[in-house]
Amino acid sequence: MSAPFGRRRLTIGGARRVGAYVVLAAPDPGGPAPEPGQFYMLAAAERWGGGEDERPFLPRAFSVLRATGTDPPTLEFMLEDVGPGTRRLGELVPGDGLWVTGPLGQGFTAPGEGRRALLCGGGVGTAPLAIWQDALLASGREAPALLGFRDGEHAEGAGLLRDARVATDDGSTGHHGPVTDLLVAELDAGTPAIVYACGPPGMLEAVRALCEARAVPAQLALESGMACGFGACFGCVVPTRDGSYVRLCVDGPVLDAELLAGVPAH
Amino acid sequence: MSAPFGRRRLTIGGARRVGAYVVLAAPDPGGPAPEPGQFYMLAAAERWGGGEDERPFLPRAFSVLRATGTDPPTLEFMLEDVGPGTRRLGELVPGDGLWVTGPLGQGFTAPGEGRRALLCGGGVGTAPLAIWQDALLASGREAPALLGFRDGEHAEGAGLLRDARVATDDGSTGHHGPVTDLLVAELDAGTPAIVYACGPPGMLEAVRALCEARAVPAQLALESGMACGFGACFGCVVPTRDGSYVRLCVDGPVLDAELLAGVPAH
Amino acid sequence: MPSFCGLELEHPIVNGSGTYDVIAARRAFGEALIESFPFSAFVSKTITLEPRAGNPPPRLFETPAGLINSIGLPNKGLQGYLERDLPELAALPVPLITNVMGSTAAEIAALLEAVDDRDEIAAVELNVSCPNVRTGLDIGADPRELAAVLDAVRRRTSKPLIVKLTPNTADVALVAEAAEASGADAVSLINTLRAFAPAVGPDAVAGEAWLGGGTGGLSGPAIRAVALAQVSAVARRVTIPVVGMGGVQSGAHAAQMLGAGATLVAVGTESFRDPAAGARIRDELRDFSAKSGSFAR
Amino acid sequence: MPSFCGLELEHPIVNGSGTYDVIAARRAFGEALIESFPFSAFVSKTITLEPRAGNPPPRLFETPAGLINSIGLPNKGLQGYLERDLPELAALPVPLITNVMGSTAAEIAALLEAVDDRDEIAAVELNVSCPNVRTGLDIGADPRELAAVLDAVRRRTSKPLIVKLTPNTADVALVAEAAEASGADAVSLINTLRAFAPAVGPDAVAGEAWLGGGTGGLSGPAIRAVALAQVSAVARRVTIPVVGMGGVQSGAHAAQMLGAGATLVAVGTESFRDPAAGARIRDELRDFSAKSGSFAR
Ligand SMILES: Cc1cc2nc3c(=O)[nH]c(=O)nc-3n(C[C@H](O)[C@H](O)[C@H](O)COP(=O)(O)OP(=O)(O)OC[C@H]3O[C@@H](n4cnc5c(N)ncnc54)[C@H](O)[C@@H]3O)c2cc1C
Ligand SMILES: Cc1cc2nc3c(=O)[nH]c(=O)nc-3n(C[C@H](O)[C@H](O)[C@H](O)COP(=O)(O)OP(=O)(O)OC[C@H]3O[C@@H](n4cnc5c(N)ncnc54)[C@H](O)[C@@H]3O)c2cc1C
Ligand SMILES: Cc1cc2nc3c(=O)[nH]c(=O)nc-3n(C[C@H](O)[C@H](O)[C@H](O)COP(=O)(O)O)c2cc1C
Ligand SMILES: Cc1cc2nc3c(=O)[nH]c(=O)nc-3n(C[C@H](O)[C@H](O)[C@H](O)COP(=O)(O)O)c2cc1C
Ligand code: FES
Ligand code: FES
């Protein structure tokens with residue numbers, strides 16, 4: 001279903017800390033239910049600007065973490081402070097205004113016959129996997145999740161999914177090492193899988209290479225710098241295997257791993 | 001005494017509403033006591049920008065309303081929301097950071113022998129008269145104040161001075177009409193006066209003309225658009241009677257009325 | 001109801017070339033986009049003779065109140081545009097202006113001729129922010145070079161010709177005068193200001209570029225005051241209509257552009273912040289004009 | 001310790017001409033200003049032969065992340081400067097660079113000669129953002145005009161000559177090359193971008209100017225990306241040192257200017273937001289350079 005035309009102003013209903021992350025919740029009376037893997041362009045309604053280097057100016061892209069309830073559905077987003085835009089959004093409190101445009105882009109598609117879903121993510125890449133896990137479980141499928149984090153504080157984000165297995169870079173919780181260690185073990189055991197992954201470029205590239213080597217299909221939710229989120233600026237392109245570019249905001253953010261020769265570093 | 005070199009970061013200690021105005025208070029451990037009529041350049045330490053038309057960018061000039069206590073003295077400013085800068089400052093709450101530079105400029109000077117002080121102000125022009133009234137009273141002088149406001153809500157600002165007589169444009173409190181009506185009555189009665197005035201350009205010009213016609217000395221605290229407040233930009237000039245310009249931030253904001261052929265409209 | 005090069009338009013707000021892909025936007029927003037179409041004419045992104053992939057990413061850099069882009073004019077090429085995009089663009093509820101660019105007079109002539117054939121296209125906009133093969137300067141940076149090119153190509157189309165000027169020149173009004181003298185029916189400005197985005201982040205090497213394309217162009221509110229200066233300088237010196245753009249975010253800004261002498265106002269970067277910005281600006285301008293009694297000129 | 005035109009400077013941060021009046025600042029801040037003087041050299045505001053009152057107010061307009069000024073170069077004139085300001089400026093703890101402007105070669109020659117006599121002055125900066133009486137274009141907008149002027153005046157002073165370029169030109173590197181060929185010892189850029197501030201407020205009439213001087217010049221972070229583009233274009237094409245400026249607010253920005261090829265970095269508008277910004281930027285740059293091992297070039 002298409003997104004309402006134009007940005008709309010929501011009111012923050014909740015803002016909670018989950019480990020190193022902030023989860024914002026905003027009832028969305030005007031919007032349709034998002035598909036798992038879709039994203040929204042967000043901006044604070046007040047004082048969007050005047051931060052580090054006088055930014056932010058453009059809206060920022062966020063995968064929807066979950067859309068709960070109906071009449072109206074409440075959108076949830078998970079964010080980490082990495083710069084002026086995420087900092088400002090992370091300061092929002094209930095009652096503050098939030099501009100949203102969306103849902104946008106192409107999300108995940110269900111596993112083909114006989115394939116079991118494996119969810120693999122890292123950091124804020126947890127977000128789209130949460131709503132996707134919900135959908136898979138709701139359709140009666142299994143959806144085990146493997147999540148990698150920097151440290152124990154970040155790993156609290158794993159609580160946003162059901163029964164996620166965790167790896168941390170510093171070994172403070174779960175497996176000590178990259179989440180792909182867990183993925184390799186899973187891939188090399190059991191029935192044919194399809195991998196749904198979202199995370200930092202290095203992790204995604206590792207997932208892509210692992211899956212390619214094993215001829216396992218994978219759907220990767222990528223990130224790239226976006227100005228508009230709806231195909232207008234041609235700024236968010238990623239290079240594809242055939243030497244051309246796709247706009248991540250309209251042809252992604254979820255791309256078939258096959259499309260890519262590699263996951264670009266930014 | 002000179003101002004500390006550079007801007008310094010204070011912490012808002014209090015923010016209260018006085019009618020249509022906000023009075024901000026901030027302890028100033030590093031600064032000297034201001035002289036009545038001096039001003040400070042202020043900017044919110046966080047999110048200065050991103051308001052209407054993506055402003056504010058430059059700091060804003062504010063007369064000091066009062067400096068109370070010592071160790072450290074607390075600076076008070078009185079402000080009215082007229083644009084993005086005053087709006088942002090008016091949103092500050094205790095604990096927020098405030099950049100200040102100052103005290104800056106030339107303030108009021110004491111009445112000459114045998115002259116009684118008359119304070120005449122309007123709107124946020126109330127601010128410098130409050131600290132000046134304090135000083136006059138402390139030196140054993142009288143300092144009657146005449147203050148004009150738009151309406152009753154604004155007229156609550158008169159409570160910031162002692163025993164001020166009030167005029168309002170809409171007649172909701174005090175005299176119905178311009179504050180200069182009150183001033184004329186005062187000027188035309190009693191001993192030779194000196195007028196200390198601060199307010200909107202129209203009012204100041206009326207005061208200037210009244211005083212000139214009666215050969216009454218007057219010190220006018222003017223406003224003009226300022227970028228720097230310390231003489232660096234040459235932006236804040238006002239034309240003088242001799243056809244040249246003075247920088248209001250270094251040669252003012254208080255000017256002898258004699259210097260001016262008229263008070264400029266902005 | 002502004003009249004512009006013989007087109008009777010519903011209102012003065014159009015899009016800046018390259019800042020709105022209605023085909024993609026329709027996928028995102030569906031028919032609501034068409035029903036409340038924000039622009040009174042639609043300007044295509046720049047089309048070149050041959051297809052272009054555009055620049056390697058990153059293509060975007062955010063600046064204080066602005067955006068630097070180094071998109072590199074990706075497009076399907078003339079044939080791709082005519083075959084694949086034109087049918088969809090022709091179905092829009094407003095006239096279509098096709099923006100073209102070539103690096104030689106011969107290329108431009110070929111583009112103009114191809115466009116001339118198509119009734120779906122109401123007017124053509126020629127983007128002259130393209131380096132001249134001989135001088136290295138943009139064709140539009142030098143009044144004489146531009147005049148020479150226009151003199152050579154103007155007769156290849158009978159459609160109204162809008163010349164999209166470059167702001168990266170010493171005196172844009174001189175260039176606009178040359179365009180008028182050589183047969184332009186309108187001029188549009190400003191295009192983006194030449195800008196550099198430095199590499200940022202922990203691994204940034206001093207002097208390195210953030211953008212895959214090296215340098216880029218600055219747009220958005222940061223450049224509005226420059227745009228107003230150029231638009232008013234041009235409008236005072238030409239008699240043909242002017243399309244003003246650069247950092248317009250509100251009806252008040254649009255009124256300022258009209259006040260500076262523009263007949264139409266284009267919205268670019270602001271559409272990225274709000275896909276329906278054009279409609280909002282149109283409405284704000286209408287209210288503004290209702291109050292002040294005219295479209296401010 | 002950058003070496004610049006024979007001057008050994010303590011650090012690379014200087015002020016932009018016309019953005020710091022140390023004499024007034026000393027009245028406001030006292031000796032603390034001198035004791036922690038923010039700049040490694042002090043650049044005077046532009047001096048003309050005759051005194052100028054400057055433009056009627058308003059002279060300032062705030063834009064998104066920027067400032068438009070239309071100050072109009074008020075100054076005491078050459079004699080007033082030499083007699084009244086020079087003694088105070090000569091007492092500063094850093095070398096003095098005197099900025100001058102003239103609208104003809106003869107005026108400029110007179111200024112350079114007068115400056116040449118004074119040992120207190122370490123170098124002279126020639127502001128060429130002045131309309132040429134004959135062409136109407138700024139002298140610095142056209143490489144040929146600038147070369148002609150410099151050829152006529154260069155020998156009037158034996159002091160290092162910095163040419164302060166105008167950014168309002170098609171290809172600033174061409175102009176910089178001309179300056180170098182005609183004897184400039186350094187170039188500095190960017191000066192402000194030509195800009196228009198529309199009247200605002202309830203009584204604003206569309207098309208009217210806010211500024212008493214009509215048009216103005218845009219400075220501040222809004223133009224930093226344009227400055228970086230011009231500085232790097234120039235630094236690649238000349239061998240003389242470059243003073244880079246435009247929107248520098250932090251040590252990171254200063255490092256970007258150095259990375260773009262500047263030898264010195266000037267701070268202008270940011271000093272308005274913080275009188276000690278230059279000192280902060282110097283310190284931030286020092287920390288930054290300590291980490292990355294050099295002044296980033
Ligand atoms: C489809 C999609 C979904 C996303 N989902 C999430 C999510 O669910 N949760 C989440 O936290 N994040 C998510 N992100 C990432 C999020 O959009 C970014 O973290 C955010 O845009 C950063 O903005 P910022 O202002 O905080 O940081 P920025 O300062 O913009 O920095 C972020 C990165 O951008 C680059 N950068 C730095 N300066 C600039 C500049 N001036 N111009 C351009 N780039 C610059 C650097 O690489 C930097 O590391 C998603 C991104 C996409 C594309
Ligand atoms: C010495 C001095 C002392 C002062 N003391 C006080 C005080 O005690 N209390 C108080 O409330 N105010 C005081 N002021 C006035 C105060 O500085 C202004 O109200 C404030 O700067 C307005 O900023 P703003 O962003 O809220 O509004 P702005 O949007 O800056 O608008 C304020 C006015 O500035 C003009 N303006 C509008 N847009 C622009 C623009 N883009 N660029 C430049 N000008 C523009 C218009 O005339 C407008 O009415 C003082 C001013 C001076 C010079
Ligand atoms: C991402 C982007 C792509 C653009 N592509 C083109 C283009 O293809 N052709 C063109 O003539 N102008 C192009 N422009 C320039 C805009 O049409 C417009 O002139 C400029 O952005 C100033 O307007 P704004 O500040 O409202 O964006 C582009 C601008 C942006 C930001
Ligand atoms: C208020 C003001 C006055 C200026 N006066 C002069 C001047 O007299 N001579 C000159 O060469 N440049 C002058 N400039 C230009 C600055 O020196 C500098 O080139 C420009 O502002 C860009 O730097 P910034 O963005 O750091 O301010 C002035 C700039 C401003 C803002
Ligand atoms: S973000 Fe603008 S096209 Fe994708
Ligand atoms: S405000 Fe800058 S000189 Fe007065």
Side-chain angles (χ1 to χ4, degrees), chain B residues 1-9 30 32 38 41-43 48-60 82-85 99-106 224-240 242-251 264-266, chain D residues 15-16 18-38 45 51 53-75 200-201 203 210-212 219-222 268-269 271-280:
Chain B
M1 222 183 113
S2 25
F5 177 46
R7 68 177 185 182
R8 56 194 184 277
R9 190 184 165 123
Q38 285 193 301
M41 298 300 284
L42 305 186
W48 190 245
E52 188 195 325
D53 274 350
E54 316 293 337
R55 298 189 298 133
F57 166 61
L58 297 161
R60 300 293 196 256
V82 299
W99 289 118
V100 311
T101 302
L104 297 167
Q106 313 302 321
S224 71
M226 292 188 173
C228 71
F230 65 100
C233 73
F234 281 77
C236 61
V237 295
V238 294
T240 52
D242 68 2
S244 71
Y245 294 114
V246 291
R247 279 171 291 178
L248 201 66
C249 68
V250 288
D251 296 320
H266 35 213
Chain D
N15 65 299
T19 64
Y20 219 96
D21 178 345
V22 272
I23 299 173
R26 199 169 184 169
R27 276 169 70 193
F29 304 118
E31 292 316 295
L33 168 70
I34 307 302
E35 281 151 27
S36 39
F37 200 72
K45 70 187 285 61
N55 288 336
R59 291 180 171 184
L60 301 171
F61 189 79
E62 188 185 62
T63 68
L67 169 67
I68 308 182
N69 83 78
S70 174
I71 307 297
L73 304 173
N75 76 94
V200 292
D203 319 321
W210 169 262
L211 298 167
S219 64
T269 304
S271 294
F272 303 161
R273 307 201 331 152
D274 178 4
R280 173 178 54 77

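What you are looking at is a predicted structure, and each value in this text was computed from that prediction instead of being measured. Reckoned from all heavy atoms, side chains included, excluding hydrogens, waters and symmetry mates.
- The pair Arg9(B)-Asp274(D) does not count as a salt bridge, with every side-chain nitrogen at least 4.0 angstrom from each carboxylate oxygen.
- Here the shortest heavy-atom pairing between Ser2(B) and Ala28(D) reads CB-O, 3.2 Å.
- Nearest heavy-atom pair across Arg27(D) and Gln106(B) is NH2-NE2, 3.7 Å.
- For Arg247(B), the part lying under 4.5 angstrom from a heavy atom of chain D is the side chain only.
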All N/O donor-acceptor pairs, side-chain side in residues 224-236 of chain B, below 3.5 Å, sequence neighbours left out:
residue   : atom : partner   : partner atom : Å
Ser224(B) : OG   : Cys236(B) : O            : 2.9

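- With Tyr245(B) as the aromatic partner, Arg59(D) meets the cation-pi criteria of under 6.0 angstrom to the ring centre and within 45 degrees of the ring axis.
- Only the backbone of Asn55(D) comes within less than 4.5 Å of a heavy atom of chain B; no side-chain atom from C-beta onward does.
- Taking chain B as the reference chain and counting heavy-atom pairs below 4.5 Å, the highest number among Ala32(D), Ser70(D), Gly18(D), Gly66(D) is found for Gly66(D).
- Within the 4.5 angstrom heavy-atom criterion, no atom of Gln38(B) approaches chain D.
- If you measure heavy-atom distances from Trp99(B) to chain D, you find no contacts under 4.5 Å at all.
- With a 4.5 Å cut-off on non-hydrogen atoms, Ala43(B) does not touch chain D at all.
- Between chain D and the residues Leu104(B), Val237(B), Thr101(B), the largest count of heavy-atom pairs under 4.5 Å involves Val237(B).
- Among Gly201(D), Ser36(D), Pro74(D), Pro64(D), the residue making the largest number of heavy-atom pairs under 4.5 Å with chain B is Pro64(D).
- When every heavy atom of Pro239(B) is checked against every heavy atom of Pro57(D), the shortest pair comes out as CD-CG, 4.3 Å.
- What you find for Phe5(B) and Pro38(D) is that their closest heavy atoms are CZ-CG, 3.8 Å.
- Residues satisfying the salt bridge (charged side-chain N to carboxylate O under 4.0 Å, His left out) criterion with Asp53(B), sequence neighbours excluded, are absent altogether.
- Side-chain contact between Arg55(B) and Thr63(D) is absent, with no heavy atoms from C-beta onward closer than 4.5 Å.
- Looking at Glu62(D), its side chain does come within 3.5 Å of a backbone N or O of Phe57(B) through a donor-acceptor pair.
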